[in-house]
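Here's the structure, in structure tokens; my notes come after.
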Amino acid sequence: MPSATDPPRNGLAAGWLLADMALNIWALSIVKALGLGYPAFQLVFLRAGVGLLLMIPWIWKYRRAFFGLPDLHFHALRVGFSAIALTASFFAVSRLPLALFTATSFTRPILTMIAAAWLLREAITRDRWIAAVVGLVGVVIAVDPSGLSGGWGLAAQVLVVFAATGAVITTRMLVAAPTVVMMTFYTAGLTLIAAPFALLTWQPVPEDQWSTLLAIGVFAQSAQFCFLRAHRYGQAGFLAVLSYASLVFSTAVGYLIFDELPQRGFWVGAALIIAATLWIVLGRSGAILSEHKKTQRAISK
């Protein structure tokens with residue numbers, strides 16, 4: 001099990017993060033399709049409750065991992081940030097085009113990188129800063145702030161950005177905690193926080209929609225596992241820039257399922273975002289390959 005002092009393994013982390021993106025976009029697609037008919041707290045409660053039920057055998061098997069836990073205040077802080085981010089995101093995604101929802105979330109990587117450098121003392125290379133800025137410029141072009149009219153959905157998305165940044169940083173602070181502990185605190189905490197609000201605003205669910213709503217929990221819980229593995233192995237700054245790639249998933253699903261075709265400016269911005277992602281990922285891969293070759297030459301001598 002890696003610890004906070006182990007060297008990062010960003011290549012492995014990238015694979016886990018891409019899996020997280022793919023699973024999460026399907027959960028958000030269900031929320032978008034049905035979200036206007038149900039309060040956000042009800043959806044959060046169902047998502048977290050299903051996740052907690054799925055985890056019960058795992059929790060029981062590794063129950064000893066919960067004895068004598070340190071950093072309980074960080075666990076509580078992470079759950080608080082996550083509850084705000086998830087509830088606000090479920091509210092926002094049902095009111096915004098999927099590509100716009102994802103594109104506006106790309107203001108988060110630059111906040112994450114700043115926080116990682118300031119709070120976690122991570123070394124953020126010049127290339128990553130440049131890539132983040134290029135990606136942020138791409139977001140501005142893609143979103144076209146002059147034409148925005150997202151109303152409360154856009155306001156909720158701004159809240160998502162700040163709360164999710166806090167959740168990512170506290171996740172990185174808890175990198176040494178077992179995955180089962182992290183996921184249990186997350187799902188149980190969300191369930192407890194959302195339960196009273198969900199009961200107060202509960203809307204009846206038709207029988208034919210139960211399986212679809214419960215699928216939110218399955219997809220989202222699997223995505224959460226992948227997200228935690230990504231941040232266990234990789235640097236927050238590296239993963240922040242890589243997260244720009246989720247634009248590809250959201251745009252494709254938005255077009256294929258919701259018939260949302262972005263304007264021309266969106267594609268220009270998306271090209272910058274993807275270029276920034278490829279630059280930092282391929283640059284990192286090249287550096288790893290170069291270091292590996294140096295090591296092999298040293299061994300052969």
Side-chain angles (χ1 to χ4, degrees), residues 20-44 46-47 81-112 135-168 194 197 201 203 209 212-213 215-216 219-220 223 227 240 243-274 277:
D20 164 55
M21 294 177 196
L23 290 164
N24 195 51
I25 196 64
W26 287 112
L28 288 175
S29 296
I30 297 173
V31 173
K32 180 172 178 58
L34 302 176
L36 287 175
Y38 300 98
F41 279 113
Q42 183 175 348
L43 295 175
V44 171
L46 290 173
R47 176 258 177 270
F81 279 131
S82 298
I84 294 170
L86 188 61
T87 305
S89 69
F90 280 7
F91 180 89
V93 75
S94 59
R95 291 163 174 81
L96 296 174
L98 196 55
L100 176 60
F101 172 85
T102 304
T104 51
S105 71
F106 290 147
T107 54
R108 190 178 72 192
I110 191 70
L111 293 178
T112 301
L136 189 58
V137 171
V139 170
V140 174
I141 295 173
V143 172
D144 186 14
S146 63
L148 288 181
S149 57
W152 286 110
L154 192 59
Q157 182 62 358
V158 172
L159 181 60
V160 171
V161 169
F162 284 95
T165 298
V168 168
F197 300 101
T201 58
Q203 295 295 319
Q209 288 189 6
T212 305
L213 286 176
I216 297 172
F219 282 122
F227 174 84
S243 66
Y244 286 136
S246 62
L247 185 62
V248 176
F249 293 98
S250 64
T251 304
V253 172
Y255 174 68
L256 295 173
I257 296 181
F258 299 105
D259 198 26
E260 297 172 350
L261 184 61
Q263 300 299 314
R264 183 179 302 175
F266 179 89
W267 298 110
V268 175
L272 287 175
I273 293 169
I274 294 170
T277 302

Can you name the closest pair of heavy atoms from [X] and [Y] and give their distance?
{"X": "Gln157", "Y": "Phe101", "answer": "NE2-O, 2.8 Å"}
{"X": "Thr201", "Y": "Gln42", "answer": "O-OE1, 4.2 Å"}
{"X": "Gln203", "Y": "Pro39", "answer": "CG-CD, 3.5 Å"}
{"X": "Ala88", "Y": "Leu159", "answer": "CB-CD2, 4.1 Å"}
{"X": "Leu96", "Y": "Gly153", "answer": "CD1-O, 3.7 Å"}
{"X": "Gly269", "Y": "Ile141", "answer": "N-CG2, 3.8 Å"}

- Step through the shown structure and confirm whether more than 12 heavy atoms of other residues, nucleotides or ligands are within 6.0 Å of CZ on Phe258.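 More than 12 within 6.0 Å, yes.
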I need the [X] [atom1] to [Y] [atom2] distance, nearest 0.5 Å.
{"X": "Leu86", "Y": "Phe41", "atom1": "CG", "atom2": "CZ", "value": "10.0 Å"}
{"X": "Ile30", "Y": "Leu213", "atom1": "CD1", "atom2": "CG", "value": "8.0 Å"}
{"X": "Met21", "Y": "Phe227", "atom1": "CE", "atom2": "CZ", "value": "10.5 Å"}

Less than 3.5 Å apart, which donor and acceptor atoms pair up between the side chains of residues 22-29 and the rest of the protein, not counting sequence neighbours?
{"from": "Ser29", "atom 1": "OG", "to": "Ile25", "atom 2": "O", "distance (Å)": "2.7"}

- Message: Tell me whether Ser94 contacts the main-chain N or O of Phe91 through its side chain, where contact means a donor paired with an acceptor under 3.5 Å.
- Response: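 Checked: pair present.
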- Query: Between Thr165 and Val168, is any pair of side-chain heavy atoms under 4.5 Å apart?
  - Reply: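 Side-chain contact under 4.5 Å: no.
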- 4.5 Å side-chain heavy-atom contact, Leu46 and Ile216: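 SC-SC contact between Leu46 and Ile216 ruled out.
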- Query: Given Phe197 and Thr87, is the side-chain contact (heavy atoms from CB on, under 4.5 Å) satisfied, shown in steps?
  - Reply: CA-CA 11 Å; Phe197 300 101; Thr87 305; over 6 Å; no
